[in-house]
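So you know, we letter chains A, B, ... as the sequences are listed, proteins then strands, and number each from 1. For the numbers below, each heavy atom of this structure counts, side chains included, while hydrogens, waters and symmetry mates do not.
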Amino acid sequence: MPFPRPEFVPFRAADFAVSLSNWFRSSQRDLPWRREENFSDPYRVLVSEIMLQQTTVAAVTPFFKRFIARFPTVESLAKAPEEDVLAHWAGLGYYSRARNLHGAAKSVIEEHGGQFPRDFNEILALPGVGRYTAGAVASIALKQRKPIVDANVARVLSRVLAVEGDLKTAKNQSKLWEGATQIVEVEAVSPREINPAMMELGALVCTPKNPQCELCPVEKWCGARAQNRQNELPFVASKAAPTPLFDVCAFAQNADGEVLLRKRPEDQKIWWRGMWELPRTTRIEGETAAQALTRLGGELGFAIEGGEEVACLKHGVTRYAITLSCLEASVSTQIAGEMVKWCSFEAARALPMPAAMKTLLKTLEKRPARQLRLL
DNA sequence: AACTCGTGGAT
DNA sequence: TATCCAAGAGT
């Protein structure tokens with residue numbers, strides 16, 4: 001028999017926070033950044049929070065472990081070359097986060113004397129750190145009563161407070177931050193626990209679809225639940241459909257089995273800037289894949305033969321779906337310049353490279369080697 | 001305020 | 001398969 005559904009009680013931060021905190025202590029997941037050696041270190045909390053921006057726990061976990069193993073302290077990160085930092089971020093996405101985190105580490109060393117700042121506004125001033133991330137570092141690592149509102153907290157509070165209309169409006173945002181502030185200021189709970197508890201509730205119970213209200217420790221304070229509207233709140237406007245793009249890649253191998261890679265420009269506002277990839281171009285409308293490859297070869301200064309399609313990746317990006325056709329090429333001229341180089345598959349794995357390219361290379365690596373005919 | 005930035009898992 | 005969406009920040 002199901003438990004009786006509790007009667008609705010108007011929101012009171014003190015009762016709400018204590019109930020939620022107790023639930024968190026018994027129900028939280030064991031995550032790497034929640035281990036004692038990590039959650040008391042503001043640098044390591046910062047690493048986890050930056051990685052977790054718009055990124056799932058499952059995706060972040062292996063990256064966090066590798067990153068902390070390679071850069072265990074803020075000093076070690078600050079003195080590392082950017083190429084090395086990007087290589088440890090390769091595949092995680094949103095690569096400006098890696099540059100900003102690197103910049104934040106340098107700032108701690110150079111502008112804060114190697115001591116991680118404890119002042120909220122100084123944390124907020126670090127590159128890549130906004131109101132949410134600063135609040136997370138301050139509350140979790142430094143036990144300061146600073147509120148946080150991420151997608152989880154926004155969803156939880158929008159239901160509890162039964163917030164109407166688009167959540168992104170300034171008016172509704174201030175409602176959410178006000179609610180988060182009231183909760184983190186409850187002295188009976190620790191800011192180190194109650195903020196993660198709000199997110200954990202959103203991740204495990206108060207989910208986007210079909211929230212598990214029967215399991216919710218704060219059900220009786222939930223305005224949406226009282227009206228049986230937990231599946232309708234929060235309201236979110238649908239995003240524009242992605243525009244499909246069709247790209248072709250040239251897969252060129254030399255006699256040693258090395259593959260030709262190109263570095264994308266550093267100084268332009270483009271995707272994957274500064275990262276390595278197979279030479280690639282976007283098909284012009286009406287152009288066949290073979291024609292696009294011929295054009296790409298001309299731009300690079302080598303002739304492309306072949307045309308066997310060996311891989312096709314569809315990739316969901318914010319506004320684009322990218323289809324990659326990978327063709328085999330033979331190379332007639334040695335490419336000059338720093339932006340292009342021959343690279344073994346093994347060495348390629350150590351380069352900063354977007355996930356789509358890593359997947360593509362992994363596929364190509366398993367193919368039987370083929371002797372190229374030089375023109 | 002609206003747009004951009006990556007990726008992978010869930011539904 | 002199509003769509004949603006995740007511990008957001010910068011511009």
Side-chain angles (χ1 to χ4, degrees), chain A residues 28-29 31-34 38-39 44-64 86 89-101 103-104 123-141 147-156 166-173 176-177 180 195-204 206-210 231 234 236-245 264 268-275 277 313-322 352-359:
Chain A
Q28 65 169 308
R29 293 167 291 178
L31 303 175
W33 42 93
R34 286 187 183 155
N38 292 329
F39 72 65
R44 296 189 178 192
V45 172
L46 179 66
V47 172
S48 70
E49 292 301 336
I50 300 249
M51 283 188 172
L52 285 160
Q53 289 170 6
Q54 300 289 286
T55 310
T56 57
V57 165
V60 166
T61 296
F63 282 85
F64 178 80
L86 279 175
W89 209 273
L92 193 57
Y94 285 133
Y95 300 99
S96 62
R97 295 183 299 177
R99 300 174 204 272
N100 284 333
L101 178 58
I123 300 171
L124 187 61
L126 295 172
V129 176
R131 189 176 180 184
Y132 163 79
T133 304
V137 172
S139 62
I140 296 171
I148 59 171
V149 175
D150 76 318
N152 289 306
V153 177
R155 186 171 55 254
V156 169
D166 190 343
L167 269 195
K168 286 180 294 186
T169 64
K171 184 176 181 180
N172 281 338
Q173 283 295 306
L176 300 176
W177 282 96
N195 277 348
M198 290 286 287
M199 296 190 286
E200 196 77 338
L201 186 69
L204 299 182
C206 195
T207 48
K209 293 174 184 174
N210 302 318
N231 266 309
V236 286
S238 59
K239 294 171 185 173
T243 303
L245 278 184
R264 294 170 65 77
Q268 300 175 23
K269 290 185 178 177
I270 55 171
W271 286 350
W272 303 332
R273 66 186 168 95
M275 305 188 78
E277 64 176 6
L313 298 182
K314 202 169 185 178
H315 219 69
V317 196
T318 307
R319 298 188 65 89
Y320 299 87
I322 298 178
M353 187 174 293
M357 286 297 148
K358 291 169 79 80
T359 303

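Distances were taken from every side-chain heavy atom of A151(A) (C-beta onward) to each of dA9(C), dG8(B), dA7(C); the shortest belongs to dA7(C). Here the side chain of N100(A) is nearest to one of dA7(C), dG8(B), dG10(C), namely dG10(C). The nucleotide whose nearest atom lies closest to any side-chain atom of K209(A) is, among dG8(B), dA7(C), dC4(C), dC4(C). In this structure, of dA7(C), dC4(C), dG6(B), it is dC4(C) that holds the atom nearest to the side chain of S238(A). Nearest nucleotide to the side chain of K269(A), out of dA7(C), dG6(B), dT11(C): dT11(C).
When the C1' atom of dC5(B) is taken as reference, atom CG of L92(A) falls 13 Å away, rounded to whole Å. Between R99(A) atom CZ and dT11(C) atom P there is a gap of 13 Å when expressed in whole angstrom units. Computed from coordinates, the I148(A) CD1 to dA7(C) P distance equals 10 Å when rounded to whole Å. The interatomic distance linking Q54(A) (CD) with dC5(B) (P) rounds to 14 Å, in whole Å. Between the CD atom of Q53(A) and the P atom of dC5(B) there is a distance of 16 Å, given to the nearest Å. Protein atom CD of Q173(A) is 13 Å distant from nucleotide atom C1' of dA9(C), rounded to whole Å. As rounded to whole Å, 13 Å separates atom C1' of dC3(B) from atom CH2 of W271(A). Across the protein-nucleic acid pair, N172(A) atom CG and dA1(B) atom C1' stand 15 Å apart, rounded to whole Å.
If you check every strand for non-hydrogen atoms under 4.0 Å, S48(A) touches nothing. Residue contacts for R97(A): at a heavy-atom cut-off of 4.0 Å it reaches no nucleic acid atom on any strand shown. Using a 4.0 Å heavy-atom criterion, one finds that G91(A) contacts the sugar-phosphate atoms exclusively. Within 4.0 Å (heavy atoms only), P354(A) reaches sugar-phosphate atoms of the nucleic acid but no base atom. Residue A59(A) is out of contact with every strand shown, counting any heavy-atom pair closer than 4.0 Å. Among the atoms of the strands shown, none is found under 4.0 Å from any heavy atom of V153(A).
Although no hydrogens or angles enter the test, the distance criterion places no donor-acceptor pair under 3.5 Å between the side chain of D150(A) and the main chain of Y132(A). When atom types are taken as modelled, the side chain of E277(A) and the backbone of M353(A) share no donor-acceptor pair closer than 3.5 angstrom. Side-chain N or O atoms of T55(A) include one that pairs as donor or acceptor with a backbone N or O of Q53(A) at under 3.5 Å.
Going from the P atom of dG8(B) to that of dA9(C) covers 22 Å, rounded to whole Å. Comparing dA7(C) with dT4(B), their P atoms are spaced 23 Å from each other, to the whole Å. Taking atom C1' on both dC5(C) and dC5(B), the two are 15 Å apart, rounded to the nearest angstrom.
Within the 4.5 Å cutoff, the side chain of I123(A) has heavy atoms near those of the V129(A) side chain. Put simply, the side chain of W271(A) reaches to within 4.5 Å of the side chain of R264(A), judged on heavy atoms.
For dC5(C), neither phosphate oxygen OP1 nor OP2 lies less than 4.0 angstrom from any side-chain nitrogen or oxygen of R155(A). Contact between the side-chain N/O atoms of T133(A) and the OP1/OP2 oxygens of dA9(C) is found at a separation under 4.0 Å.
Judged by distance alone with a 3.5 Å cut-off, no donor-acceptor contact links the side chain of S96(A) to the base of dG10(C).
Toward the 5' end of DNA chain B, the nearer of the two residues M353(A) and N210(A), judged by each one's closest nucleotide, is M353(A). Nearest-nucleotide mapping onto DNA chain C: of N152(A) and L124(A), the residue sitting toward the 5' end is N152(A). Toward the 5' end of DNA chain C, the nearer of the two residues P127(A) and L31(A), judged by each one's closest nucleotide, is L31(A).
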| query | Do N100(A) and R97(A) pass the side-chain hydrogen bond (donor to acceptor under 3.5 Å, both in side chains) test, and can you show the C-alpha distance, the side-chain angles, and the key distance before you say yes or no? | reply | CA-CA 5 Å; N100(A) 284 333; R97(A) 295 183 299 177; over 6 Å; no

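Minimum interatomic distance between S48(A) and F64(A) (heavy atoms only, all atoms of both residues): CB-CE1, 3.7 Å.
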